[in-house]
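Remarks on the structure that follows.
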Amino acid sequence: MRIVLLGPPGVGKGTQAKLVAAKHKLEKISTGDLLRAELANRTELGKLAEQYMRQGMLVPDDIVNKMVAEKIASLGPGAGFLLDGYPRTIAQAVALEAALQTLGANIDKVIAFQSDENTLLERIRGRAEIENRSDDDAQTALNRFRIYQQETAPLIDHYKKSDLLIEINASGDIETVNNLVEEALAG
Ligand code: AMP
């Protein structure tokens with residue numbers, strides 16, 4: 001099974017990604033986590049990415065595409081995985097399709113989480129207190145919303161066209177949302 005999780009910042013993608021990956025024994029590929037690891041290790045890639053991440057901007061497509069293509073290739077052709085936070089632009093979706101094609105693989109399902117903006121901002125505020133993420137402050141969070149609307153939301157139509165999309169209301173608690181995800185995956 002190869003799954004893509006889509007959704008605005010604060011929607012709970014990361015939390016659901018962990019639950020789904022553990023239950024279905026899928027490799028979780030989170031570009032945010034991969035980039036934060038590069039940053040923590042002070043690699044060249046990490047230093048470059050930091051400038052964008054600090055402002056809540058997207059790291060350039062070519063950098064992220066290469067990072068994900070390498071990760072997917074390293075898993076081997078038969079591996080199941082779950083993408084959390086990638087693709088985030090149409091160009092990334094196209095690159096992902098190309099990377100999968102070279103492996104003879106494809107995406108099975110795209111789950112798009114939705115919630116209203118107040119709930120999302122509330123969750124981001126809560127996460128900022130717990131995790132101390134530097135990109136969760138109010139201004140950066142708003143930036144990330146704007147970029148989501150501009151760059152990432154068009155992926156919903158992109159995946160609707162290929163009939164892979166399942167939309168889920170993510171306003172409920174973790175368990176409620178997870179039940180919806182499991183129903184969607186079973187269907
Ligand atoms: P996340 O943990 O998914 O919210 O990602 C944190 C930050 O990492 C984002 O605000 C971006 O700066 C960067 N990032 C993560 N995934 C991507 C991606 N697919 N494309 C570009 N930038 C990304």
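Every heavy atom of this structure was used, including side-chain atoms; hydrogens, water molecules and symmetry mates were not. Note that the structure is a prediction, hence the values are computed from the model and not measured. Both ligands and their constituent atoms are indexed starting at 1 by order of listing.
- In this structure, the side chains of Ile107 and Leu96 come closer than 4.5 Å at one or more pairs of heavy atoms.
- Side chains of Tyr52 and Leu35 form no contact here, defined as non-hydrogen atoms less than 4.5 Å apart.
- Inclusion of Leu35 in the set of residues having an N or O under 3.5 Å from an N or O of ligand 1 is not warranted.
- Inter-residue side-chain proximity for Ile3 and Leu5 is flagged as met; some heavy-atom pair is nearer than 4.5 Å.
- For NZ of Lys47, the number of neighbouring non-hydrogen atoms (other residues, nucleotides, ligands) closer than 6.0 Å is greater than 12.
- Residue Thr31 has at least one N or O atom closer than 3.5 Å to an N or O atom of ligand 1.
- Less than 4.0 angstrom separates some heavy atom of Arg144 from each of these atoms of ligand 1: 4 (O), 10 (O).
- For the pair Asp108 (side chain) and Arg2 (backbone), a donor-acceptor distance under 3.5 Å is present.
- Atoms of ligand 1 found under 4.0 Å from any heavy atom of Gln92 (numbered from 1 in listed order, with element): 18 (C), 19 (N), 20 (N), 21 (C).
- Remark: distances from the non-hydrogen atoms of Arg36 to ligand 1 include one below 4.0 Å.
- In the vicinity of Val64, heavy-atom distances shorter than 4.0 Å reach the ligand 1 atoms 18 (C), 19 (N), 20 (N), 21 (C).
- Taking every heavy atom of Met57 and a limit of under 4.0 angstrom, the matching atoms of ligand 1 come to 11 (C), 12 (O).
- In this structure, the side chains of Arg88 and Thr31 come closer than 4.5 Å at one or more pairs of heavy atoms.
- Heavy atoms from both the backbone and the side chain of Leu58 come within less than 4.0 Å of ligand 1.
- Of the candidates Glu151, Arg88, Met53, Arg88 brings a heavy atom nearest to atom 5 (O) of ligand 1.
- At least one side-chain heavy atom of Lys109 sits under 4.5 Å from a side-chain heavy atom of Ile166.
- In terms of polar-atom proximity, defined here as any N/O pair under 3.5 Å, Gly85 does make such a contact with ligand 1.
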